[in-house]
A.B. asks: 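Mind having a look at this structure? Questions to follow.
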Amino acid sequence: MIRIAVLASGRGSNFQSIIDGIKEGDIDGEIAVLVTDKENAGAIERAEKNGIPSIVVLRDNFESREQMDREIRRILDENKVDLVVLAGYMRIISPELLGPYENKIINIHPALLPSFPGVDGQKDAFEYGVKVSGCSVHFVDGGMDTGPIIEQTCVRIDDCKTPEEVGAKILPFEHKTMRKVVANFSKGKYIVKGRRVRYEKY
Ligand code: GAR
């Protein structure tokens with residue numbers, strides 16, 4: 001049974017997919033804590049409904065990003081977590097947090113990396129005019145969506161008329177992909193060699 005921390009800034013639908021994966025027996029784990037950088041994040045209500053403790057860590061309360069990440073690291077250490085999931089957490093992680101959690105922090109991105117990194121993956125893919133996009137789950141490093149890729153799912157977006165449609169079409173695939181990767185983490189290990197990631201079941 002793995003202990004998971006989720007970091008989220010928004011509505012928390014990917015967070016929900018992990019909650020559901022645990023409830024439905026796919027993921028052998030428990031969510032120890034939700035950490036959010038937004039007081040009004042929808043994820044907080046989902047945590048409350050499911051008896052998961054949530055902690056708000058506001059950037060304004062810290063002099064620097066590094067100090068903020070040191071506080072998040074303290075929370076993660078205190079909760080003895082094995083896996084940290086960024087589920088719509090819209091911040092770059094600093095070395096203060098990355099160091100001790102190397103290859104234990106994963107992120108979901110709404111495009112096929114390395115295409116369209118950043119905060120507007122769905123809109124950027126739409127405007128570029130690609131016919132196929134999708135989502136990626138990857139390990140987090142110091143860059144913007146640059147860490148080794150764990151899993152990807154392709155989604156045709158040539159029938160979408162707006163960036164919002166692209167986002168809505170990709171979202172359910174994000175949930176499935178995220179849930180699958182977290183389930184795998186709970187039943188085996190991902191081995192990282194350079195940029196390549198391989199899975200081994202226990
Ligand atoms: C998701 O689409 C996720 O891929 C994206 O934010 C959304 C969060 O939705 N993340 C990024 O763009 C990270 N660069 P959610 O709060 O409902 O899970």
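Numbers here are sequence positions counted from 1.
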A.B. asks: Please report the shortest heavy-atom distance between Glu30 and Met1, naming the atom on each side.
C.D. replies: N-SD, 3.9 Å

A.B. asks: Would Tyr199 and Ile27 show up in the same hydrophobic cluster when neighbours are defined by side-chain heavy atoms closer than 4.5 Å?
C.D. replies: yes

A.B. asks: Are Asp77 and Tyr101 close enough, and set up right, to give a side-chain hydrogen bond (donor to acceptor under 3.5 Å, both in side chains), and what steps lead you there?
C.D. replies: CA-CA 10 Å; Asp77 289 351; Tyr101 286 92; 2.6 Å; yes

A.B. asks: Looking only at atom types and distance, does a side-chain atom of Arg46 sit under 3.5 Å from a main-chain N or O of Arg11, one as donor and one as acceptor?
C.D. replies: yes

A.B. asks: Hydrophobic clustering (ILVMFWY, side-chain heavy atoms < 4.5 Å, transitive) - are Val57 and Met90 grouped together?
C.D. replies: no

A.B. asks: Under the salt bridge (Lys or Arg N to Asp or Glu O under 4.0 Å) test, which residues partner Lys23, sequence neighbours left out?
C.D. replies: none

A.B. asks: Considering only NZ, NE, NH1 and NH2 on the basic side and carboxylate oxygens on the acidic side, decide whether Arg70 and Glu66 come within less than 4.0 Å.
C.D. replies: no

A.B. asks: With a 4.5 Å limit on heavy-atom distance, are the side chains of Tyr89 and Ile72 in contact?
C.D. replies: yes

A.B. asks: Quick check against the 3.5 Å criterion: does Arg73 have a side-chain atom that pairs as donor or acceptor with the backbone of Met68?
C.D. replies: no

A.B. asks: Any link between Val84 and Ile75 through a network of hydrophobic side chains (Ile, Leu, Val, Met, Phe, Trp, Tyr) touching at under 4.5 Å?
C.D. replies: yes

A.B. asks: Pro110 and Ile170: which non-hydrogen atoms are nearest, and at how many Å?
C.D. replies: O-CD1, 4.0 Å

A.B. asks: Can you check whether Ala111's main-chain N or O pairs, donor with acceptor, with Ser136's side chain at less than 3.5 Å?
C.D. replies: yes

A.B. asks: Are side-chain heavy atoms of Val56 and Ile44 found at a separation under 4.5 Å?
C.D. replies: yes

A.B. asks: First locate atom NE2 of His175, then atom OG of Ser13, and finally report the distance between them rounded to the nearest 0.5 Å.
C.D. replies: 3.0 Å

A.B. asks: Relative to Phe173, does Lys176 satisfy both conditions: NZ or CZ under 6.0 angstrom from the six-membered ring centre, and within 45 degrees of the ring's axis?
C.D. replies: yes

A.B. asks: How about Lys169 and Asp159: do any of their side-chain heavy atoms sit closer than 4.5 Å?
C.D. replies: yes

A.B. asks: Ala87 and Val6: which non-hydrogen atoms are nearest, and at how many Å?
C.D. replies: CB-CG1, 4.0 Å

A.B. asks: Quick one, Glu200 and Arg198 - any side-chain contact, counting heavy atoms below 4.5 Å?
C.D. replies: yes

A.B. asks: Under the salt bridge (Lys or Arg N to Asp or Glu O under 4.0 Å) test, which residues partner Glu165, sequence neighbours left out?
C.D. replies: none

A.B. asks: Between Phe116 and Val130, is there a side-chain heavy-atom distance shorter than 4.5 Å?
C.D. replies: yes

A.B. asks: Below 4.5 Å, heavy atoms only, C-beta onward: do Ile106 and Val182 meet side chain to side chain?
C.D. replies: yes

